[in-house]
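Because the structure is a prediction, the values reported are computed rather than measured. Just so you know, these numbers use all the heavy atoms, side chains as well, and skip hydrogens, waters and symmetry mates.
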Amino acid sequence: MMIGRTRASLWIGTLPLTLALAACTSTESARSALPMNWTLVDSLNAELPPSVRVYVGQNDELPLRAWYVAIDEPHPIIITRVAVSDDPADGLETVSSLARDLRACVAVNGGYFAIDNARARHVGLLVSGGDKLGSATRSVLWDSLRYETARAAIGFTSDDAIEITWATSRGDTIYTWETPPPHSRGQPAEPLLHDRAEVWGVRDALAAGPALVVRGEARVMADQEAFFGSYLRDYHPRTAAGRTADGALILMVVDGRQPESRGVTLEELATLTAESGAVEALNLDGGGSSTLVVNGALVNRPAGGTAERQVMSALLTFCE
């Protein structure tokens, strides 16, 4: 279990990628506030440094249950990395396994993955410890139309600053874009001109998408990133990562597919992430993959159970 290798089968959340990328609308503004009555989880925070705080929220009427972790990333003892399974059989393992083996204090599941010939393959950009292990998704074919993609990604620089952007890659070079292509369903945008993009120098990076919070506004950039699917509007367990105005990291996990928590749409996830203080945020893998581990303990109930799905990548925060 090292920071820096690979694995997976074609899944976004628990749905096959071909279904999950099926048909959506243009940019969606998030819905109105979701009252969650956020409170500190004292039992978990007692074992964490003050620069890492875990919150739980509950809405019994919906019903809905979620957690987020606010991590003071600029603090000198805090560092977050992209971890990748090195399992020799299929390249997959649980978030708990990755966190335990690497001694992380906080961990959530990472990006999308596919399984080819019984071995995992990351779907989208993947960089760990300066090694580019997966290329950005170059394009998507939908209804016989080709959409060139720049998808949301979270990156960490050599000094552990958090950057959330739209990323592409060509060969070993990674590029950052201020905006994604202005796709709309049935109308692909003009090709990207990489001579107008900036090179993105990151130590660790993970692409998933779509973006959820843009410049302080909760907005789901599904069409622009060529995510076309009703799955995006349905209720599911979900995971998000964000950055606050002062450079802190927000990691959010929402339970779903269980009586105590129905899950959220992407619009609702955008609202929750913005309400937690994120000014930039993106959606990560969801469904049965949505997992939060704190100090080695599984905090949430993935897809209503206590068993974790094996994943290929994770975001791991180290507290010392």
* Gap separating the CG atom of L206 from the OH atom of Y112, nearest 0.5 angstrom -> 10.0 Å
* Could you walk me through whether Y175 and H194 pass the ring pair (Phe, Tyr, Trp, His ring centres under 6.0 Å) test, one step at a time? => CA-CA 8 Å; Y175 297 91; H194 279 77; 4.8 Å; yes
* Considering all heavy atoms of both residues, which atom of A211 and which atom of A152 are nearest to each other, and what is their separation? -> N-CB, 3.6 Å
* Can you hop from I174 to L315 via hydrophobic side chains spaced under 4.5 Å? -> no
* Can you tell if the side chain of C105 reaches within under 4.5 Å of the side chain of L48, non-hydrogen atoms only? -> yes
* Asked: Would a hydrophobic clustering, with Ile, Leu, Val, Met, Phe, Trp and Tyr connected at side-chain separations under 4.5 Å, put V52 with V253?
  -> yes
* Under 4.5 Å between any side-chain heavy atoms of F156 and E73, yes or no? -> yes
* For the residue pair P302 and D255, what are the closest heavy atoms and their distance? -> N-OD1, 4.3 Å
* Aromatic centroids of H183 and W142 separated by under 6.0 Å -> no
* Asked: Same cluster for I164 and V82 if Ile/Leu/Val/Met/Phe/Trp/Tyr side chains link at under 4.5 Å?
  -> yes
* **ILVMFWY cluster, L272 and V279 together (side-chain gap under 4.5 Å)** => no
* To do: Show the numbers, then the answer: is there a side-chain contact (heavy atoms from CB on, under 4.5 Å) between M36 and Q58?
  => CA-CA 5 Å; M36 292 296 293; Q58 183 80 35; 5.6 Å; no
* To do: Verify the distance criterion only: is there a donor paired with an acceptor across the side chains of D223 and Y147 at less than 3.5 Å?
  => no
* Find out whether T149 and T168 are in side-chain contact, i.e. whether some heavy atom of one side chain is under 4.5 Å from a heavy atom of the other. => no
* Any donor-acceptor pair under 3.5 Å linking the side chain of R203 with the backbone of T157? -> yes
* Note, V311 side chain near S85 side chain (heavy atom, < 4.5 Å) -> no
* Asked: Which atom names give the shortest non-hydrogen contact between V213 and A278, and what distance separates them?
  -> CG1-O, 3.6 Å
* Is the Y68 ring parallel, tilted or perpendicular to the Y55 ring (thresholds 30°, 60°)? -> parallel
* Asked: Under 3.5 Å, is there a donor-acceptor pair between the side chain of R53 and the main chain of P49?
  -> yes
* To do: With rounding to the nearest 0.5 Å, note down the distance linking CG in N109 to CZ in R309.
  => 9.5 Å
* Taking a hydrophobic cluster as the set of Ile, Leu, Val, Met, Phe, Trp and Tyr residues connected by side-chain heavy atoms closer than 4.5 Å, whether directly or through intermediates, do L126 and V202 fall within one such cluster? -> no
* Structure fact -> Heavy atoms of R65 and E260 approach each other most closely as NH1-CB, 3.5 Å
* **V69 vs L44, side-chain contact (heavy atoms from CB on, under 4.5 Å): CA-CA, chis, key distance, verdict** => CA-CA 11 Å; V69 188; L44 295 176; over 6 Å; no
* Asked: Could you state the interatomic distance from CZ (R100) to CG (L102), rounded to the nearest 0.5 Å?
  -> 10.5 Å
* Asked: Would a 4.5 Å heavy-atom cut-off, applied to side chains only, mark E163 and E280 as touching?
  -> no
* Would you please say whether a donor-acceptor pair under 3.5 Å links the side chains of Q187 and S184? => yes
* Asked: Is it true that R119 and D90 have a side-chain N and a carboxylate O under 4.0 angstrom from each other?
  -> no
* Structure fact -> To the nearest 0.5 Å, atom CG of L249 lies from atom CG of D160 at 9.0 Å
* T273 and T271, any side-chain heavy atoms less than 4.5 Å apart -> no
* Structure fact -> Closest heavy-atom pair, A136 versus S169, reported as atoms and distance to 0.1 Å, is N-OG, 2.9 Å
* Which is it for R151 and L125 under the side-chain contact (heavy atoms from CB on, under 4.5 Å) test, yes or no, and what are the steps along the way? -> CA-CA 9 Å; R151 285 184 165 168; L125 180 68; over 6 Å; no
* Heavy-atom donor-acceptor pair, D87 side chain to A89 backbone, under 3.5 Å -> yes
* Structure fact -> Which of I78, V54, T244 passes side-chain contact (heavy atoms from CB on, under 4.5 Å) with I71? Answer is I78
* Nearest 0.5 Å please: distance from the SG atom of C319 over to the CG atom of N295. => 7.0 Å
* For atom CG of D246, is the number of surrounding heavy atoms from other residues, nucleotides or ligands below 6.0 Å larger than 12? -> yes
* Less than 4.5 Å apart, any side-chain heavy atom of V95 and any of E308? -> yes
* **N117 CG: over 12 foreign heavy atoms closer than 6.0 Å** => no
* Tell me, with the steps shown, if T239 and M252 meet side-chain contact (heavy atoms from CB on, under 4.5 Å). => CA-CA 6 Å; T239 304; M252 179 169 290; over 6 Å; no
* Polar side-chain atom of E93 near backbone of Q310 as donor-acceptor pair, under 3.5 Å -> no
* Pick from V220, L34, L64, V254: which one makes a side-chain contact (heavy atoms from CB on, under 4.5 Å) with E268? -> L34
* Asked: Can you check whether S290 reaches D285 side chain to side chain, under 4.5 Å on heavy atoms?
  -> no
* Asked: Which heavy-atom pair separates H122 from S313 by the least distance, and what is that distance?
  -> NE2-OG, 3.7 Å
* **Exercise: do S139 and R146 side chains pair donor with acceptor under 3.5 Å** => yes
* Where the side chain of E225 meets the backbone of P180, is there a donor-acceptor pair that is under 3.5 Å apart? -> no
* **Distance, nearest 0.5 Å, that separates CZ of R262 from CG of N59** => 8.0 Å
* Asked: For R170, does the CZ atom have more than 12 heavy-atom neighbours from other residues, nucleotides or ligands under 6.0 Å away?
  -> yes
